[in-house]
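Reviewing the structure listed below.
Heavy atoms only: backbone and side chains are in, while hydrogens, waters and symmetry mates are out.
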Amino acid sequence: MFLPQLPPGGTPSREPVPFAFVAEADRFRSNVTPPPRESLSKTQIAARSLVGLTVVAGLVGSLLFGMPALQPYKATEKAQQSEASEGR
């Protein structure tokens, strides 16, 4: 009786993938260099910094206004009564 011999990995060998170029895509280098980045103008730098400051100010403001809402509720010492019940 003949039993097939398995390769050392334990699984039968598979056929090579016809899309071998996918494995080679990691090694591919283009010979075209991208154009250099344009330097930002002073107005662009000012606009970006203003947008950043606005976002940071909004976050800080929301924290400052939201902190009282996160504090535990303390009931006032004086019991609240309606004005109608005072004259009785």
Could you give the distance from [atom1] ([X]) to [atom2] ([Y]), rounded to the nearest 0.5 Å?
X	Y	atom1	atom2	result
M67	S62	CE	OG	11.0 Å
T43	L50	OG1	CG	11.0 Å
L59	T54	CG	OG1	11.0 Å

Under 4.5 Å between side-chain heavy atoms, chaining through other members, with only Ile, Leu, Val, Met, Phe, Trp and Tyr counted: pull out the rest of the cluster around L40, sorted by chain and number.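 Members besides L40, by chain and number: I45.
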
Ignoring hydrogens and geometry, is there a side-chain-to-backbone donor-acceptor pair from Q71 to P68 under 3.5 Å?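 No, the answer is negative, given that no donor and acceptor are paired below the 3.5 Å cut-off.
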
